[in-house]
Undergrad: 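Encoded as structure tokens, here's the structure I'll be asking about.
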Amino acid sequence: MEVDVSKFNIDAPRWDQSTFMGRLKHFFNITDPRTVIVSEQELDRAKMLVEACRAGVTPPGTSVEQLHYAKKLYDSAFHPDTGDKMNLIGRMSFQVPGGMAITGCMLQFYRTVPAVVFWQWVNQSFNALVNYTNRNAASPITPGQIGVAYVTATGTALATAVGLNLYTKKAPPLIARWVPFAAVAAANCVNIPMMRQQEILNGIAVTDENENKLGHSRKAAIKGISQVVVSRIAMAAPGMILLPILMQRLEAFPFMQKIRFLHAPLQVTLAGGFLLFMVPVACSLFPQRCSMAVSSLEPELRESIRNQYGDKVQYVYFNKGL
């Protein structure tokens, strides 16, 4: 089917983003791990097609399916604020292949302190890159602030993991298996706010529904970052809570005792199964284009909006990041 370029809006949401199911379909689409292996050249061609459509010069004969696929690749690989290509490891579409390997190893190698330290360090390095890549790019962060955020989050994860690992030596085995999740949850509460500290200190850019910039809000930043923290913990929770229970049951069978060398690959595979569903589910918990009532903003920003627009603007909007 040929596209009527006068009517096709490539930036219009394909699914209703005001509902959970609409967001879920959207994130299943753009977090598809298969997009990780798409070539750089094809990603660049997708960006060119999206930009051409925005400019009203879509190549003749382009189909709706081709435009939808180009937009899928564009959303999976390019930052929504800047349009710049994101690094491969930091993309949400890499969460399944990257996260499954790290999560599986954290859950398998939890018994010794050196193993705990190594895999928590790997995980926090991965998380720091993901958090930086998916930040709200309208609020720049310096290399020094990135370093402080990385060291603080890694230190929190290691302190939590090592401390609980030692504390649970005499606890039931299942409790010890849950230590990695406790460390991941604690680190997320530090890593994300620290990596996005500029937004908390200086505010996040807010707009009206027509994308007209209205100012910067610290309260909006706190709301958006809090939702991202909840989403990241929810992303990890099912796999890191249920997998230890499953593995403890499986390891009781004699045949599992004979294939110990396969325990780590099995956990990695099972972790991938959980993440395949939980990455889009967690990203869908809250709208990416977050809203906030003008009445809930800082007094000075609220007054500025009221003076300029009166009661016409009731809500402000901002990209909360992922």
Side-chain angles (χ1 to χ4, degrees), residues 9-20 22-27 29-31 47 50-51 54 71-87 90-93 95 127-141 145-146 149 188 191-232 234-235 279-280 282-294 296-298 301 305 313-322:
N9 180 1
I10 199 165
D11 290 312
R14 194 173 174 185
W15 298 280
D16 183 2
Q17 295 299 288
S18 66
T19 68
F20 173 76
R23 294 192 296 272
L24 184 61
K25 291 176 182 178
H26 170 72
F27 281 110
N29 191 44
I30 69 169
T31 63
K47 183 179 182 180
V50 169
E51 291 177 343
R54 285 172 175 167
K71 189 60 163 60
K72 170 180 178 171
L73 295 183
Y74 180 85
D75 287 343
S76 72
F78 295 89
H79 198 282
D81 290 336
T82 65
D84 294 335
K85 189 181 292 179
M86 297 183 286
N87 68 80
R91 298 173 195 168
M92 276 296 160
S93 53
Q95 278 288 303
N127 284 344
L129 185 56
V130 171
N131 294 337
Y132 175 75
T133 303
N134 293 281
R135 72 199 185 284
N136 181 304
S139 301
I141 183 171
Q145 291 169 329
I146 294 173
N188 271 327
N191 196 336
I192 297 170
M194 287 295 293
M195 192 62 73
R196 298 177 61 180
Q197 58 186 284
Q198 283 296 97
E199 297 169 45
I200 298 173
L201 295 173
N202 302 319
I204 194 172
V206 296
T207 68
D208 63 15
E209 61 182 348
N210 297 316
E211 301 293 338
N212 298 309
K213 189 174 177 180
L214 301 174
H216 288 78
S217 171
R218 292 182 297 278
K219 288 187 176 181
I222 292 170
K223 177 180 179 179
I225 291 169
S226 298
Q227 291 181 352
V228 172
V229 170
V230 171
S231 295
R232 290 295 184 81
M235 191 183 294
V279 169
C283 289
S284 304
L285 292 178
F286 308 100
Q288 185 170 1
R289 191 189 186 211
C290 198
S291 64
M292 192 171 190
V294 171
S296 300
L297 297 172
E298 295 87 338
L301 179 57
I305 294 173
V313 176
Q314 294 294 324
Y315 289 88
V316 297
Y317 301 87
F318 54 95
N319 172 26
K320 71 173 178 60
L322 292 174

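Numbers for residues simply follow the sequence, beginning at 1.
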Undergrad: With a 3.5 Å distance limit and no angle check, can you tell me whether Lys47 reaches the backbone of Gly83 through a side-chain donor-acceptor pair?
TA: yes

Undergrad: Between Asn210 and Asn212, is there a donor-acceptor pair closer than 3.5 Å when you use the side chain of the first and the backbone of the second?
TA: no

Undergrad: Measure the CZ-CG distance between Arg23 and Asp16 for me, rounded to the nearest 0.5 Å.
TA: 9.0 Å

Undergrad: How long is the span from the OG atom in Ser93 to the CE atom in Met86, to the nearest 0.5 Å?
TA: 7.0 Å

Undergrad: Kindly give the heavy-atom pair with the smallest separation between Val294 and Val313, and that separation in Å.
TA: CG2-O, 3.4 Å

Undergrad: So, does Thr31 use its side chain to make a donor-acceptor pair with the main chain of Met92 at under 3.5 Å?
TA: no

Undergrad: Do the non-hydrogen side-chain atoms of Val316 and Ile305 ever get within less than 4.5 Å of each other?
TA: yes

Undergrad: Could you check if a side-chain atom of Leu301 sits within less than 4.5 angstrom of a side-chain atom of Val206, using non-hydrogen atoms only?
TA: yes

Undergrad: Are there more than 12 heavy atoms of other residues, nucleotides or ligands under 6.0 Å from atom NZ of Lys25?
TA: no

Undergrad: Do you know which of Pro287, Cys290, Pro80 makes side-chain contact (heavy atoms from CB on, under 4.5 Å) with Asn319?
TA: Pro80

Undergrad: Do you know the tightest heavy-atom contact between Pro193 and Asn188?
TA: CD-O, 3.7 Å

Undergrad: Let's go through Leu285 and Gln227 carefully: what are the C-alpha distance in whole Å and the side-chain angles of both, what is the deciding distance for side-chain contact (heavy atoms from CB on, under 4.5 Å) to 0.1 Å, and is it a yes or a no?
TA: CA-CA 8 Å; Leu285 292 178; Gln227 291 181 352; over 6 Å; no

Undergrad: Does any N or O in the side chain of Gln17 come within less than 3.5 Å of the main-chain N or O of Trp15, such that one atom is a donor and the other an acceptor?
TA: yes

Undergrad: With a 6.0 Å cut-off (strictly less than), is the heavy-atom count around OH of Tyr315, excluding the residue itself, greater than 12?
TA: no

Undergrad: Is there a donor-acceptor pair under 3.5 Å between the side chain of Arg289 and the backbone N or O of Tyr317?
TA: no

Undergrad: Just wondering, do Val230 and Ser226 contact through their side chains at under 4.5 Å, heavy atoms?
TA: no

Undergrad: State, to 0.1 Å, how close Ser217 and Ala220 come at their nearest heavy-atom pair, and which atoms those are.
TA: OG-N, 3.0 Å

Undergrad: Quick one: closest heavy-atom pair of Leu24 and Ser284, and the distance?
TA: CA-OG, 3.1 Å

Undergrad: Hey, does Phe27 have a side-chain heavy atom less than 4.5 Å from the side chain of Ile30?
TA: yes

Undergrad: State whether the side chain of Lys223 and the backbone N or O of Ser291 hold a donor-acceptor pair below 3.5 Å, judged by distance alone.
TA: yes

Undergrad: Under 3.5 Å, is there a donor-acceptor pair between the side chain of Glu298 and the main chain of Lys219?
TA: yes

Undergrad: Applying side-chain contact (heavy atoms from CB on, under 4.5 Å), run through Lys85 and Arg91 and close with a yes or a no.
TA: CA-CA 10 Å; Lys85 189 181 292 179; Arg91 298 173 195 168; 3.7 Å; yes

Undergrad: To the nearest 0.5 Å, what is the distance between CZ on Arg54 and OH on Tyr74?
TA: 4.0 Å

Undergrad: Which atoms form the tightest heavy-atom contact between Asp75 and His26, and what is the distance?
TA: OD2-CE1, 4.0 Å

Undergrad: What I'd like to find out is whether the side chain of Asn202 reaches to under 4.5 Å of the side chain of His216, using heavy atoms alone.
TA: no

Undergrad: Once rounded to the nearest 0.5 Å, what's the spacing between atom CD1 of Ile200 and atom CD1 of Ile225?
TA: 4.0 Å

Undergrad: For the CZ atom of Arg196 and the CG atom of Leu201, what is their distance to the nearest 0.5 Å?
TA: 13.0 Å

Undergrad: May I ask you to test the Cys283-Met235 pair for a side-chain heavy-atom distance under 4.5 Å?
TA: yes

Undergrad: Evaluate the side-chain proximity of Gln314 to Glu209: yes if any heavy-atom separation is below 4.5 Å, no if none is.
TA: no

